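Below is one structure; the comments refer to it alone.
Chain A is the first sequence line, chain B the second, and so forth, proteins listed ahead of strands; every chain is numbered from 1. In this text, all values refer to a predicted model and were calculated from it rather than measured experimentally.
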Amino acid sequence: MPELPEVEITRLGISPYVTHRTVQAVQVRNPHLRWRVPDRLSSKVTGQKIESVTRRGKYLLLNTSVGSVIIHLGMSGSLRVLKTGTSPQSHDHVDFILGNKCLRYRDPRRFGCILWSNAPLNHRLLKNLGPEPLADEFDGDHLYHAARRRTGAVKNLLMNARVVSGIGNIYANEALFAAGIHPQRAANRISLIRYRILSREMKRILQAAVQAGGTTLRDFQRVNGQPGYFRHALKIYGKEGELCRRCGARIRRKVISGRSSFYCVRCQS
DNA sequence: ATGGTCCCCTGACCGC
DNA sequence: TGCGGTCAGGGGACCA
């Protein structure tokens with residue numbers, strides 16, 4: 001499900017309900033996520049006040065004064081705020097009880113994770129993440145530099161979290177279409193000028209997606225239950241066989257490194 | 001260091 | 001209605 005915009009929408013959605021609240025209990029119904037939910041999670045976080053909810057790449061952090069809960073939503077994860085006592089459905093694996101509210105983690109495929117760290121930004125999963133794509137430090141020069149020794153597809157460069165964090169399959173496809181770059185083009189055979197265009201398009205598309213509440217393909221929901229509306233703004237992702245909105249050529253699909261890639265042969269090179 | 005391939009898991013969908 | 005195959009928004013582990 002979630003790439004940067006959807007994780008950010010989740011953050012914005014839960015933040016007002018959990019910030020400054022104290023965790024009174026943690027209920028782990030199924031600890032078997034990507035990594036086992038640590039047994040110490042409950043003892044670490046119970047009694048602590050959540051001071052802020054932040055995001056790094058696709059990771060969410062529930063920050064307390066003694067450490068942070070690290071949450072990743074994987075492919076199918078979601079967080080909702082419910083009335084405490086609401087009976088859990090299948091795949092509702094973890095609850096954080098916050099007085100009369102309950103922060104509930106649901107993840108049918110269990111590709112996500114919930115971990116605890118005293119120093120989350122130095123955690124092995126976070127410390128090597130590349131810059132945030134919406135930060136000033138991320139620009140065409142950064143991409144160009146990262147691409148110097150890489151002969152693989154530029155799409156893989158965008159989806160490499162060590163190069164830039166938070167970009168997944170949808171937004172990589174959309175940004176490359178917007179920049180007119182073929183997803184399979186070798187990363188080291190793209191000019192600085194084109195990387196500057198690409199980085200600008202990435203920022204523009206990610207910002208627009210956040211504005212629209214993210215992209216709902218099938219099951220992404222905001223905390224209020226509404227879908228994200230950026231799906232209607234997608235120009236290339238999932239549109240194999242349709243006509244390019246820019247030139248009318250038929251959109252193609254090709255699997256690159258195991259992920260579906262969509263592109264227009266006339267507009268992207 | 002980079003770039004492949006495999007795998008974790010469930011659910012939706014499609015063709016027969 | 002059932003069944004098998006395919007696909008899905010992520011990303012770490014492993015190997016060449």
Side-chain angles (χ1 to χ4, degrees), chain A residues 1-10 29-37 55-60 70-79 89-94 105-115 123-130 133 145-176 183-189 202 205-206 209-210 212-222 227-234 236-241 253-262:
Chain A
M1 175 237 312
E3 303 182 37
L4 184 151
E6 293 74 40
V7 178
E8 180 65 9
I9 288 299
T10 299
R29 281 177 289 273
N30 181 356
H32 298 104
L33 304 183
R34 168 139 208 187
W35 295 283
R36 188 186 172 89
V37 177
R55 180 188 58 73
R56 179 75 177 93
K58 295 173 189 166
Y59 292 91
L60 282 173
I70 299 174
I71 302 175
H72 195 290
L73 302 176
M75 289 278 263
S76 57
S78 62
L79 285 167
Q89 311 282 320
S90 162
H91 309 305
D92 288 343
H93 303 310
V94 178
Y105 178 86
R106 175 186 176 83
D107 188 0
R109 291 177 76 179
R110 289 186 275 126
F111 285 2
C113 65
I114 298 181
L115 300 170
H123 190 275
R124 66 182 177 89
L125 294 174
L126 278 76
K127 70 178 176 196
N128 291 319
L129 289 177
H145 180 72
R148 280 319 76 206
R149 234 170 288 99
R150 293 175 195 264
T151 57
V154 60
K155 179 158 174 274
N156 292 345
L157 186 78
L158 298 191
M159 293 179 65
N160 183 339
R162 290 174 175 237
V163 173
V164 54
S165 55
I167 307 295
N169 203 25
I170 294 179
Y171 297 103
N173 275 291
E174 292 295 318
L176 288 165
Q184 208 161 30
R185 186 168 193 85
N188 65 351
R189 295 189 56 249
M202 290 167 71
I205 288 168
L206 292 171
V210 172
T215 299
T216 297
L217 289 183
R218 36 176 71 89
D219 54 5
F220 173 67
Q221 281 194 0
R222 295 190 248 180
Y229 298 111
F230 197 72
R231 182 165 69 92
H232 306 294
L234 297 179
I236 200 85
Y237 180 84
K239 301 202 180 291
E240 179 185 18
R253 180 178 89 99
K254 179 169 192 173
V255 176
I256 300 173
S257 290
R259 313 298 293 274
S260 279
S261 304
F262 303 87

Sorted by position of nearest nucleotide on DNA chain C, 5' first, the leading residue of A:Phe262 and A:Tyr59 is A:Phe262
Rounded off to whole Å, could you give me the [atom1]-to-[atom2] distance for the [X] and [N] pair?
{"X": "A:Asn169", "N": "C:dG11", "atom1": "CG", "atom2": "C1'", "answer": "13 Å"}
{"X": "A:Asn160", "N": "B:dT2", "atom1": "CG", "atom2": "P", "answer": "9 Å"}
{"X": "A:Arg162", "N": "B:dG3", "atom1": "CZ", "atom2": "C1'", "answer": "14 Å"}
{"X": "A:Leu129", "N": "C:dG10", "atom1": "CG", "atom2": "C1'", "answer": "13 Å"}
{"X": "A:Arg185", "N": "B:dG3", "atom1": "CZ", "atom2": "C1'", "answer": "19 Å"}
{"X": "A:Tyr105", "N": "B:dC9", "atom1": "OH", "atom2": "P", "answer": "14 Å"}
{"X": "A:Leu158", "N": "C:dG9", "atom1": "CG", "atom2": "P", "answer": "15 Å"}
{"X": "A:Glu174", "N": "C:dG9", "atom1": "CD", "atom2": "P", "answer": "13 Å"}

Minimum heavy-atom distance between [X] and [Y], given as atom pair plus value:
{"X": "A:Ser261", "Y": "A:Lys155", "answer": "OG-NZ, 2.9 Å"}
{"X": "A:Ala147", "Y": "A:Leu157", "answer": "CB-CD2, 4.0 Å"}
{"X": "A:Asn169", "Y": "A:Glu3", "answer": "N-OE2, 3.3 Å"}

Practice prompt. Under 4.0 Å between any heavy atoms, over every strand shown, what does A:Arg148 touch: base, sugar-phosphate, or nothing? Just pick one.
Written response: nothing
By nearest-heavy-atom nucleotide on DNA chain B, the more 5' of A:Ala146 and A:Ser90 is A:Ala146
Taking for A:Arg110 and for A:Arg218 the nucleotide of DNA chain B with the nearest heavy atom, the one nearer the 5' end belongs to A:Arg110
Between [X] and [N], is there a contact of a side-chain N or O with OP1 or OP2 at under 4.0 Å?
{"X": "A:His72", "N": "C:dG11", "answer": "yes"}
{"X": "A:Tyr237", "N": "C:dG9", "answer": "yes"}
{"X": "A:Thr215", "N": "C:dG9", "answer": "no"}
{"X": "A:Arg34", "N": "B:dC8", "answer": "no"}
{"X": "A:Ser257", "N": "B:dG3", "answer": "no"}
{"X": "A:His91", "N": "B:dG11", "answer": "yes"}
{"X": "A:Arg150", "N": "B:dT2", "answer": "yes"}

- Specify whether A:Tyr229 and A:His232 have parallel, tilted or perpendicular ring planes, treating 30° as the upper limit for parallel and 60° as the lower limit for perpendicular. parallel
* Asked: Which word best sums up how the rings of A:Tyr237 and A:Phe262 line up, parallel for under 30°, tilted for 30 to 60°, or perpendicular for over 60°?
  -> perpendicular
Of the listed C:dG12, C:dA8, C:dG9, the closest approach to the A:Trp35 side chain comes from C:dG12
Per atom distances to the A:Arg149 side chain, the nearest of C:dG10, B:dT2, C:dG9 is B:dT2
Looking at B:dC9, does its base get a donor-acceptor pair with the side chain of A:Arg109 below 3.5 Å? yes
hbond_proxy A:Arg259 side chain to C:dA8 base (donor-acceptor, 3.5 Å cutoff): no
The single option from A:Phe111, A:Tyr105, A:Tyr59 that satisfies ring-ring contact (aromatic ring centres under 6.0 Å, His included) with A:His72 is A:Tyr59
Practice item. Decide whether a cation-pi geometry holds between A:Arg110 and A:Trp35; the criteria are a distance under 6.0 Å from NZ or CZ to the six-membered ring centre and an angle within 45° of the ring axis. Key: no
Every stem of 3 or more Watson-Crick or G-U pairs under 3.5 Å that DNA chain C joins, in order of first number, is B:2-8 with C:10-16, B:10-16 with C:2-8
In the structure I gave you, are the side-chain heavy atoms of A:Leu217 and A:Ile170 within less than 4.5 Å of one another anywhere?
yes
Check your understanding: Is any side-chain heavy atom of A:Glu174 closer than 4.5 Å to a side-chain heavy atom of A:Leu234?
Key -> yes
Checklist entry - Taking the P atom of each, how far is B:dT5 from C:dC7, in whole Å? => result 15 Å
Taking atom P in both C:dT6 and B:dC6, what distance in whole Å separates the two?
14 Å
Review point. B:dC8 base stacked by A:Phe111? Criteria: ring centres under 5.5 Å, plane angle under 30°.
Key: yes
